[in-house]
Amino acid sequence: MTAIVELEHIEKRYGAIAAVNDVSFALQPGESVALIGHNGAGKTTLFKMMLGLSRPTSGDIRVLGDHPAAGEFAARKRLGYLPESVSFNGALTGREVLAFYARLKDASTEKIDSLLERVGLTAAADRPIRTYSKGMRQRLGLIQALFGDPLLLLLDEPTTGLDPALRLEFYEIVQELQQQGATIVLSSHALTELEERASRIIILNRGRMVANGSIDELRKLAGLPIKIRVTVASGKAEKLSALVGPVPNWREINGHLVEFDAAPGAKIELIRRATDAAGPAQDVAILQPTLDDLYAHFLRRHGEAAA
Amino acid sequence: MTNILLIAWKEIQECLRNRWVVAMTLLLAALALSLTFLGSAPTGNVGTSALDVVIVSLSSLTIFVIPLVALLISHDAIVGEMERGTMLLLLSYPVSRLQVLLGKFLGHLAVLTFATAFGYGAAAIALMVSGAEIGGGSWAAFAGMILTSILLGAVFIAIGYLISALVRERATAAGISIGVWLLLVVLFDMAMLGALVVDQGRTISSAAVSGMLLFNPTDVYRLFNLAGAENVSVLTNMSGIADQASLSPTVLLATLVIWVLVPLTLAWLTFSRREL
């Protein structure tokens with residue numbers, strides 16, 4: 001299986017500043033990858049280099065068999081890109097702009113109507129884009145990225161400006177494409193959204209790749225404790241404490257809620273003890289480290305290593 | 001080729017929507033018509049064709065107006081799209097930067113051609129309707145003027161693209177465009193005139209003069225239209241220069257074409273190196 005995208009030791013310098021520093025990864029068909037990092041961590045720069053809009057200072061990039069840094073662009077026919085804060089010429093109507101971009105990709109313009117319908121832009125399609133709201137432009141941007149049955153979708157902060165219902169619709173569309181075998185790369189600040197949707201997570205910090213793996217792999221790597229939260233009848237927290245035994249980070253949140261950490265290996269045993277039939281437990285919840293926790297962990301670790 | 005045409009058509013669409021086409025055509029038509037009727041009054045009927053008079057006054061005006069209009073639509077072409085963020089999306093499509101540049105050039109040139117042909121054509125039609133007699137030679141000179149006006153526009157569109165590809169901000173592009181316009185349309189001739197007056201014909205030969213004129217596209221245009229056609233050159237007292245300058249219309253036309261190709265090529269090279 002050949003990789004859809006391959007980056008080898010990519011470095012991009014602007015003067016003395018390294019926007020991207022020694023980043024390597026390969027993406028396989030059908031993967032959905034979340035690129036996360038602060039503003040200025042190098043996400044947008046990576047996208048631009050994959051598109052050939054910007055050339056790496058050193059290193060090699062291959063995208064769908066092309067070398068974008070050498071100016072090859074044939075493969076961009078099967079590539080969809082949604083830039084961060086996408087913009088269009090305001091004088092033309094939504095439908096005109098979409099027809100232009102579809103033809104530029106040699107794609108059929110027949111799907112435009114159904115796509116407009118799907119993202120709720122049918123009524124606005126024949127109005128000039130300058131009358132559109134930010135969210136409407138974003139939806140237009142999403143449609144253009146879908147032209148030409150893309151094998152690779154690069155989505156830079158795709159859900160900013162979309163309301164929750166449209167976000168769901170958006171992820172549904174993306175998932176359909178993924179099921180057809182497309183590779184998706186998306187960056188976002190909304191980490192909880194990505195958690196269930198990305199098969200792989202790449203964390204960037206100040207141009208360096210600090211983590212690369214599925215969420216389970218990252219959890220294992222981070223070794224962050226799992227939190228167990230138990231609801232007890234009021235005043236019974238001490239009784240629970242006696243049952244569970246000594247555990248790290250015992251916290252009584254209020255009279256009913258108790259939370260404590262469980263090392264990865266000790267989880268089952270602790271739950272068994274806490275939920276003893278004769279005990280005070282009324283309910284129990286297991287809180288895995290979220291993507292937010294993992295992100296914070298890897299940034300902290302990278303910060304310490306750099307210091 | 002399809003990509004170039006698609007981009008050209010989009011450019012035309014945008015110019016239509018911005019009322020650029022209408023505004024430019026009306027401006028040129030208004031200038032041409034007012035010159036036709038006001039300008040021919042003082043000459044009375046002295047045996048020169050009315051159209052020749054129009055060619056003289058209109059081409060003098062074209063030298064000021066067409067470069068300005070051309071720079072106005074072109075200085076924004078690259079840096080403006082980059083600033084607005086529309087270039088980012090366009091270049092992520094399967095198009096080369098040369099295709100983008102040529103597409104824009106074709107589109108802008110089409111708009112300019114339309115405006116010039118209809119704007120100036122209005123003057124000729126008005127003359128015909130008013131019953132003036134126009135000889136075949138005058139028609140040829142008039143057609144030549146429209147053609148070279150479009151070429152002059154193409155030169156300044158190409159120069160505008162070069163400026164647009166070089167700078168980081170739209171405001172800078174606008175400033176440089178005004179500077180280039182002043183230099184080529186006003187200052188160059190004044191400096192040359194000054195040099196000739198000071199020199200009194202001692203060291204600067206007429207061959208050198210004609211050589212120097214080729215370095216300014218507006219002078220090439222002037223030579224072609226004011227000195228080229230025989231009937232016209234008598235009117236403008238440019239025949240002396242034309243004889244001495246010994247530049248055939250073919251050479252002048254070729255020079256204008258070179259004046260289009262050189263800035264356009266430089267614009268392409270600069271644009272290709274730009275990172276977004």
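Quick note on labels: first sequence line is chain A, next is B, and so on, each numbered from 1.
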Give, for atom CE of A/Met50 and atom OG of B/Ser92, the distance between the pair rounded to the nearest 0.5 Å.
13.0 Å

State, yes or no, whether a side-chain contact exists between A/Leu51 and B/Leu91 at a heavy-atom distance under 4.5 Å.
no

Side chain, backbone, both or neither: which part of A/Gln144 has a non-hydrogen atom closer than 4.5 Å to chain B?
both

I need the A/Phe100 CZ to B/Leu6 CG distance, nearest 0.5 Å.
6.5 Å

Proximal component of B/Arg273, with respect to chain A [non-hydrogen, under 4.5 Å]
both

Pair A/Phe147-B/Tyr93, side chain to side chain contact (heavy atoms under 4.5 Å, CB included): steps then yes or no
CA-CA 11 Å; A/Phe147 289 144; B/Tyr93 272 71; 4.2 Å; yes

For a 4.5 angstrom cut-off between non-hydrogen side-chain atoms, does B/Arg17 reach A/Pro128?
no

Side chain, backbone, both or neither: which part of A/Thr44 has a heavy atom under 4.5 Å from chain B?
neither

About how many Å separate CG of B/Leu276 and OG1 of A/Thr45, when rounded to the nearest 0.5 Å?
12.0 Å

Quick check: does any side chain N or O of A/Ser87 sit under 3.5 Å from a backbone N or O of B/Arg84, one acting as donor and the other as acceptor?
yes

Can B/Glu275 and A/Tyr14 be counted as having a side-chain donor-acceptor contact under 3.5 angstrom?
no

Enclosure of A/Glu110 CD (heavy-atom neighbours >12, cutoff 6.0 Å)
no

Other residues, nucleotides and ligands only: do more than 12 of their heavy atoms fall within 6.0 Å of CZ on B/Phe188?
yes

Nearest heavy-atom neighbours spanning B/Leu88 and A/Leu53:
CD1-CD1, 3.4 Å

Between chain A and each of B/Thr2, B/Ile7, B/Leu90, B/Val95, count heavy-atom pairs under 4.5 Å; write down the option with the most.
B/Val95

For A/Lys48, is it the side chain, the backbone, both or neither that has a heavy atom under 4.5 Å from a heavy atom of chain B?
side chain

Got more than 12 heavy atoms from elsewhere within 6.0 Å of CZ, B/Arg19?
no

Measuring from atom CG of B/Leu89 to atom CZ of A/Phe88, what distance do you get when rounded to the nearest 0.5 angstrom?
5.5 Å

Can you tell me which portion of A/Arg78 sits under 4.5 Å from chain B's heavy atoms? Options are side chain, backbone, both or neither.
neither

Looking at every non-hydrogen atom in both residues, tell me the closest pair between A/Phe73 and B/Ser96 and how far apart they are.
CE2-CB, 3.5 Å

Results of side-chain contact (heavy atoms from CB on, under 4.5 Å) for A/Thr160 - residues two or more places apart only:
A/Lys134, A/Gln138, A/Glu157

Only pairs of heavy atoms separated by less than 4.5 Å count here; which of A/Val86, A/Leu92, A/Leu79 has the most with chain B?
A/Leu92

Is B/Trp268 atom CH2 crowded by more than 12 heavy atoms from other residues, nucleotides or ligands, each under 6.0 Å away?
no

